[in-house]
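First up is the structure itself, then whatever we jot down about it.
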There are 2 protein chains.
Amino acid sequence: MTTGRTKGPGRRERLRAETTAEIKKVALELMASGGPDAITLRAIAREMGMTANAIYGYFATRDDLVTALINDVYTALADAVDAGWASASAQGPADRIRAWAHAFRDWALANPEGFRLIYGDPVPGYRAPDGGAAPQAAHRVCTGLAGLADAAWPHVQHLYADSEFDWPDFDPGLLAKVRPAYPDLPPAAVALALRIWGHLHGLVSLEVYGHLRTQTLSPDKLFREELAMLVRSIIPSNPI
Amino acid sequence: MTTGRTKGPGRRERLRAETTAEIKKVALELMASGGPDAITLRAIAREMGMTANAIYGYFATRDDLVTALINDVYTALADAVDAGWASASAQGPADRIRAWAHAFRDWALANPEGFRLIYGDPVPGYRAPDGGAAPQAAHRVCTGLAGLADAAWPHVQHLYADSEFDWPDFDPGLLAKVRPAYPDLPPAAVALALRIWGHLHGLVSLEVYGHLRTQTLSPDKLFREELAMLVRSIIPSNPI
DNA sequence: TGCGGAAACTATACGGTGTGAAGTTTTCAT
DNA sequence: ATGAAAACTTCACACCGTATAGTTTCCGCA
């Protein structure tokens, strides 16, 4: 029993990874129970039986922790909508849109705090860094949307006959991700993707933020009808 | 020059009103420059050459101040969209929707912090009280939307022929405000109003929160095209 | 004209937050 | 076994909202 370096990763790093994961887990729990503002280093440390400053060994700053959370949450969202997409990939464009939309909404309603973290004002004064997993997840979501637009495009292109959109209208970074996946996509189809996105995000964010509760008592029905309307406007001869 | 009680309101109350207004003005400036979280009593007091606690003579708590700001801002938004509505009240439903939508978006882009204050997570842990000017302004906005739906209804009702909506689907408080103004409005038309609302809020909130900047470089164009698409889906034979 | 009371404001204090610097303990590699 | 590095604690500071008590200023009325 000379030394203990039996494993590859090393015991130290494993403990470190576990602690890192526990910090994020506790932070997510706090966020789920008390909103994004409940993510305080001291509360996390209290929950873990540590000192607040100990967390600085794992995250340089509180914003870094929030960034890590956003990365995780955003990736989870991307996984959810990708799963929704995959479950309907063999079906027509209308079913794909429906599957994607419901996956998006279901995830958002199941993780409202996460939704706020991604799409709202997560933590006052917080600004997302440039790199990281969050932009990557965002691009996965965008690519999913582009896939919906790509599938629906043959049915809807006549509506965009006089569209004024051109490639320079869109973010180069977005196009760099989307165009390789869907080379035949015209600029107007990207606009269609953004249109679908605007629809879904609009309704879901209204619902998540509670601005719909004061208006309708059946957000479910509203969402389904609105979705049916969107699909019908894209693929006219579509059975609801 | 016996005594100074020459005016009706009284000097004391006038000074009080001025100080109250200055507090709100400074708070709005802080919010505009540093986000909603920059609204701190100490910062306001610092800016005004006072002590933070002096503000407690004007607002019982920080949330009360935020509530007052929300009331003001929400009223300003309602004024803006009402003005947009009034400027096109003599025109057809398509023009009305366009005018209302552009008024809404223009106001939101001119007052992004105000938009966040109203529709986002204004201040962590903040919960709006029941009464006050904000719900009233919200109902003005809703009534404006109902007016759009009412004007467009004859053109679009065939789309809602098999609609499943009924009055119990909607918030009674909302209906109590809307139905007296538009007695002939069927339930599905309220759904149409919410549909327009979902569109506009969705796109504008994406834009205000910067989630559109990473996708399109011409949010203006996207909004106009999306609006044209919405109008076209409501009033088919409509010149863009 | 003077006075009493109310209103406006300050001073002090408490518990909360993020974060920096310094010191201590634990663990690993040699 | 020992030295270095990592993990963690302690103390400190500035900031936040807010409660309490004390002080100053002003208005209305006798």
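Chain letters run A, B, ... following the sequence lines, proteins first and then strands; every chain starts at 1. None of these values were measured; they are calculated from a predicted model.
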Is NZ or CZ of B:R105 both nearer than 6.0 Å to the six-membered ring centre of B:W100 and within 45° of the ring axis? no
Distance, rounded to the nearest Å, where A:R14 contributes CZ and D:dA6 contributes P: 18 Å
I need the CD1-P distance between A:I23 and D:dA7, as an integer number of Å. 11 Å
Between B:E225 and B:K221, does a salt bridge (charged side-chain N to carboxylate O under 4.0 Å, His left out) hold up when you go through it step by step? CA-CA 6 Å; B:E225 286 237 8; B:K221 194 185 287 186; over 6 Å; no
Within residues 26-35 of chain A, residues whose heavy atoms come under 4.0 Å of DNA chain D: none
What one should report as the nearest heavy-atom pair of B:G198 and A:L206 is CA-CD1, 4.1 Å
Could you check whether the rings of A:Y119 and A:Y74 sit parallel, tilted or perpendicular, using 30° and 60° as the cut-offs? perpendicular
Mutual orientation of the aromatic rings belonging to B:W197 and B:H201 [parallel < 30°, tilted 30-60°, perpendicular > 60°]: tilted
To the nearest 0.5 Å, how far apart are OG in B:S33 and CG in B:L28? 11.0 Å
Would you mind building the protein contact string for nucleotides 9-18 of chain C? One character per nucleotide, 5' to 3', B for base within reach (heavy atoms under 4.0 Å), S for sugar-phosphate only, - for untouched. SBBBB---BB
Rounded distance (Å) that lies between atom P of C:dA8 and atom CZ of B:F59: 12 Å
For A:K25, enumerate each residue passing the salt bridge (charged side-chain N to carboxylate O under 4.0 Å, His left out) test, keeping only those at least two apart in sequence or located in another chain. none
Using a cut-off of less than 4.0 Å, is there contact between a side-chain N or O of B:R16 and OP1 or OP2 of C:dA8? yes
In whole Å, what is the span from the CE atom of A:M48 to the C1' atom of D:dT9? 15 Å
Can you find a pair of side-chain heavy atoms, one from B:Y56 and one from B:L41, that are under 4.5 Å apart? yes
